[in-house]
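Data block below; observations after.
Residue numbering restarts at 1 for every chain, and letters A, B, ... go by the order of the sequence lines.
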Protein chains: 2
Amino acid sequence: MAQHKDNAREAILTAFQNLLIESRGTSASLDEVARRAGVTKGGLLYHFGSRRALEDALVDHLEAVAAEDFERMRTAPGGALAYYLPLRDYIDSPLDRATVSVGFLAHDHERARTLLAMMRSRYQELIAADVGDPLLARVALLLGDGLYYETLTTGAVPGDEVDIIDFVNRLRAAPPDAG
Amino acid sequence: MAQHKDNAREAILTAFQNLLIESRGTSASLDEVARRAGVTKGGLLYHFGSRRALEDALVDHLEAVAAEDFERMRTAPGGALAYYLPLRDYIDSPLDRATVSVGFLAHDHERARTLLAMMRSRYQELIAADVGDPLLARVALLLGDGLYYETLTTGAVPGDEVDIIDFVNRLRAAPPDAG
DNA sequence: GTCTATATTCCGATAGAC
DNA sequence: GTCTATCGGAATATAGAC
């Protein structure tokens, strides 16, 4: 019975997130967000005193969701790499939606930028601790970045993600000569 | 003496590109672009009848610059992969600036999106034709994307780019088993 | 060709009724 | 708590002077 409160807040925040994703950062005006959440702009601005406050709340949300994900990744049975790379499980997850939507705020929201950067370095740390070989960890992270970048720019989930994961796993078993 | 004409057009287009990059897609209003180019909004709208026309011209510019780059890459003495990977030569090049600026238009400009997608697949084809193994070509493309995504988000050129290139070259010499 | 002035639309925010 | 009404600012675009 703890979350019966602030239903309007959550509806507004969800509508904001969805609109940011669907419109690729445009058309997420307070009017549109309010309409989507089933309130008016006045009602929205009662819960979030300004657009900035609404954006801050979404960044807070991402921060919390990411912290949970770090903990799951750190304690994943198959290891951090096997947890990190499967993009298919990630795409459209609550963490993904929070990350992408905050990404659209980043250009004029410094805390959003620093949070996204912090998340990247945290993932790299966790993968490096799992894989051992720092270069392979770096390659795995960059491949994940590449897949993610591709998804961001094309708007479509790549179809060969499994092949990439398999490729990294083979490298892990038999790394190329260092000479 | 062929390009003494349309100096104002070029100044406007350059100002538009620079403003898009500097402001990460925001603050590139017609007023600002005109001010930066040393004309007024009226003057700008004489050369480009609408904002859309201005955006179209920038997309056209990228299309031309990219076509030149494809040809250079296709005929590069060291091969397509060696031409593609050195990020240091690419960062801040005319092609880079055109690509990044058009990227900021992409969210509400379909031709910009399709052009960027076409460029990606064209690079992948050229690398694949050079490398032979399609999966390795894909990995090389994704690593390049990853490095680029990193510079976009952190604002700094990665320090281990040479290690990544070396890693890919070793993979090329001795690919991991396909089993 | 380039300018000024203005019309129009949209967004964020405030004031105040209920 | 949620609504309506409205202000102020910014952006695209048009009209017309020079």
Pairs under 3.5 angstrom only: tabulate donor-acceptor contacts from the side chains of residues 61-71 of chain A to other protein residues two or more places apart or in another chain.
{"unit_1": "A:Asp69", "atom_1": "OD1", "unit_2": "A:Tyr83", "atom_2": "OH", "d": "2.5"}
{"unit_1": "A:Asp69", "atom_1": "OD2", "unit_2": "A:Tyr123", "atom_2": "OH", "d": "2.6"}
{"unit_1": "A:Glu71", "atom_1": "OE1", "unit_2": "A:Arg74", "atom_2": "NE", "d": "3.3"}
{"unit_1": "A:Glu71", "atom_1": "OE2", "unit_2": "A:Arg74", "atom_2": "NH2", "d": "2.6"}

I'd like to check the salt bridge (Lys or Arg N to Asp or Glu O under 4.0 Å) partners of [X]; sequence neighbours left out, ordered by chain and number.
| X | result |
| --- | --- |
| B:Glu110 | none |
| B:Asp96 | none |
| A:Asp31 | A:Lys41 |

Identify, with sequence neighbours excluded, every residue that meets side-chain hydrogen bond (donor to acceptor under 3.5 Å, both in side chains) alongside B:Asp133. none

Need two values: the first and the last nucleotide of DNA chain C, 5' to 3', having an atom under 4.0 Å from any heavy-atom of chain A. C:dC11 to C:dT14

Here the salt bridge (charged side-chain N to carboxylate O under 4.0 Å, His left out) pairs for residues 135-146 of chain B, sequence neighbours left out, are A:Glu150-B:Arg138, A:Asp160-B:Arg138, B:Arg120-B:Asp145

Whether B:Glu32 and B:Arg36 form a salt bridge (side-chain N of Lys/Arg under 4.0 Å from carboxylate O of Asp/Glu) is what I want to check. no

In residues 38-51 of chain A, which ones come under 4.0 Å of DNA chain C, going by heavy atoms? A:Lys41, A:Leu45, A:Ser50, A:Arg51

Measure from CZ on B:Arg35 to C1' on D:dA11 and round the result to the nearest Å. 16 Å

Measure the distance from CG on A:Asp31 to P on D:dA5 and round it to the nearest whole Å. 14 Å

Can you pull the side chain to side chain donor-acceptor pair (under 3.5 Å) pairs that have at least one residue in residues 98-107 of chain B, sequence neighbours excluded? none

